[in-house]
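Notes to accompany the following structure.
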Amino acid sequence: MKVTMRNLFLYKKRFLMTVVGIAGCTALMTAGFGIKNSIESLIHNQYGELIHYDSVATFTDGVTQEDMDTLEGDLSADGHIDDFLLNCGYSDDVKSSEDTETAEYVIVDDKNAFKDYVTLRTRRKHNDVVLGDSGVVITEKLSKDLGVKKGDKITVTSSAGKQAEAVVSSITEMYVNHYVYISTEYYNELFENIPEHNRVLIKISGDVNETESYMGDEYLSRDYIKGVSFLNANVTRFENMIQSLDLVTWVLIISAGLLAFVVLYNLTNVNISERIREIATIKVLGFYDNEVGEYIYRENIILTLIGGLAGLLLGRALHTYIMTTIELDGVMFGTRINLSSFLLSYGITLIFSLIINAIMYPSLKKIPMVESLKSIE
């Protein structure tokens, strides 16, 4: 062990090259697994913890109160519908001093009931975000794109196209689409008007896929229903994206394995070539082949352990950079990496190192003792 420690710090260039190479290997794998984790967590967070409704039915412009009363009665009696909430929502521009984005405005009149359909919370600590009557709540991705934070003012647009300045009271976690949440009271204060309900949020009981065709046949035939959309389509889209990312993950893992192989193979080969007389000497002194292997490979294993830890940190930074760079308009991927991904990346790196040590083992056994000791002559 004393000789191992001496060699590690004696050959500083080799130490640095090995650590950097192994760190690059682990970082690539960590980033690959992390990309998949981020997309998976997006689906779970967006459609499991934040959005709790399954379908949205939008009304035509000429919908009457009688039509809405009929619809409410039919939805209440429908065994396929678990619950529903009448709501006002529309898409329009939202502006800051820096930029303009298109967002979906959600006007909330029953705040307690709305909590059962959309969870407003902070992303890091999951603290509840309160929708008050003195400001609007906007989503995190929208705040980044507009360059605004809590307390800033933005220009919001009414359903009739009228614009007014509103205060950003809070920023909420959301991964897909830009949203602006406004209470009915604050909307009335801004625009001196209370908008009519133009859609209904629906919770479906049972399997959503089996209910889609039924919902289309039952409600789309009504004149006052303009369209019925299902959030399950978004889930399917992101699940397909995850499947396509499997190829990316494997490419990164294979590339990382090749990188580890090239680095460790070349450095181990150089290490053996430079110390061939030393190795021959200990073999003459009576070291068995496995003891000679331990003598050389102990250094590789220690360097792999150090490089792997450095690679986890580098991979975390690389993953964060990748996910923020590839973000689409209205989509925030997040930067979550599961603990299992860190353990897998580190474990696979160690396995690569052990495989390369096994490949190089015959080279140690074949070192001719007498010829190597006479080589200096």
Side-chain angles (χ1 to χ4, degrees), residues 51 53 55-69 71 84-111 113-114 117-118 120 129 131-172 174-202 219-220 222-229 231 234 328-332:
I51 303 293
Y53 55 90
S55 179
V56 181
T58 54
F59 307 148
T60 58
D61 294 336
V63 63
T64 64
Q65 185 61 46
E66 183 181 352
D67 292 332
M68 292 177 61
D69 292 340
L71 179 64
F84 64 93
L85 179 69
L86 290 170
N87 185 259
C88 177
Y90 58 92
S91 294
D92 215 318
D93 288 344
V94 54
K95 301 177 183 179
S96 68
S97 58
E98 297 182 11
D99 209 345
T100 300
E101 294 288 338
T102 300
E104 182 174 341
Y105 288 81
V106 181
I107 316 305
V108 181
D109 50 4
D110 190 340
K111 298 171 188 174
F114 187 72
Y117 291 81
V118 177
L120 302 180
V129 171
L131 177 61
D133 299 332
S134 58
V136 302
V137 174
I138 65 174
T139 50
E140 186 175 342
K141 174 68 172 172
L142 179 60
S143 73
K144 290 179 181 178
D145 290 347
L146 291 178
V148 298
K149 58 185 183 300
K150 182 178 178 180
D152 291 346
K153 289 187 175 182
I154 57 175
T155 302
V156 295
T157 309
S158 72
S159 57
K162 184 179 177 182
Q163 294 188 336
E165 273 198 345
V167 178
V168 177
S169 61
S170 293
I171 295 172
T172 187
M174 198 65 69
Y175 295 90
V176 181
N177 295 335
H178 296 318
Y179 288 93
V180 178
Y181 297 99
I182 312 177
S183 68
T184 304
E185 291 80 2
Y186 191 55
Y187 185 94
N188 188 38
E189 180 184 330
L190 292 174
F191 303 111
E192 299 178 349
N193 159 256
I194 297 178
E196 298 290 338
H197 294 147
N198 64 353
R199 65 179 188 171
V200 57
L201 310 180
I202 301 172
Y219 295 102
L220 272 179
R222 307 186 183 203
D223 295 337
Y224 53 86
I225 299 293
K226 182 165 58 177
V228 178
S229 60
L231 274 66
N234 290 336
L328 308 172
D329 290 338
V331 177
M332 184 176 70

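The figures that follow rest on heavy atoms only: side chains count, while hydrogens, waters and symmetry mates do not.
In terms of heavy atoms, M174 sits closest to Y181 at CE-OH, 3.4 Å. What you find for T139 and N177 is that their closest heavy atoms are OG1-O, 4.1 Å. Here the closest non-hydrogen pair linking N193 and N188 is N-OD1, 2.9 Å. The two residues A166 and L190 make their nearest non-hydrogen contact at CB-CD1, 3.9 Å. Between D93 and T157, the closest heavy-atom pair is O-OG1, 2.9 Å. Looking at every heavy atom in both residues, V63 comes nearest to Y224 through CG2-CB, 3.9 Å.
Considering Y186, Y179, Y187 in turn, Y186 is the only one that fulfils the side chain to side chain contact (heavy atoms under 4.5 Å, CB included) rule with V136.
Within the 3.5 Å criterion, the main-chain N or O of A160 finds a donor-acceptor partner in the side chain of S158. No side-chain donor-acceptor contact under 3.5 Å links N87 to the backbone of V200. Of the possible donor and acceptor atoms, one in the side chain of T184 sits under 3.5 Å from a partner among the backbone N and O of V108. Formation of a donor-acceptor pair under 3.5 Å by the D152 side chain with backbone atoms of K149 is found in this model.
Taking E140 as the reference, R123 meet the side-chain hydrogen bond (donor to acceptor under 3.5 Å, both in side chains) condition, with sequence neighbours excluded.
Between Y53 and Y117, the angle of the ring planes lies from 30° to 60°, which puts this pair in the tilted group.
Expressed to the nearest 0.5 Å, how far CG of L146 lies from NZ of K95 amounts to 11.5 Å. Within the model, atoms CZ of R222 and CG of D67 stand 9.5 Å from one another, a figure rounded to the nearest 0.5 Å. Atom CG of L86 is separated from atom CD1 of I202 by 9.5 Å, given to the nearest 0.5 angstrom. Of the inter-residue distances, the one linking I225 atom CD1 with F59 atom CZ reads 5.5 Å to the nearest 0.5 angstrom.
Within 6.0 Å of atom NZ in K144, more than 12 heavy atoms from other residues, nucleotides or ligands are found, so the atom counts as buried in its surroundings.
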* **Check against side-chain hydrogen bond (donor to acceptor under 3.5 Å, both in side chains), D133 and S183** => CA-CA 6 Å; D133 299 332; S183 68; 2.9 Å; yes
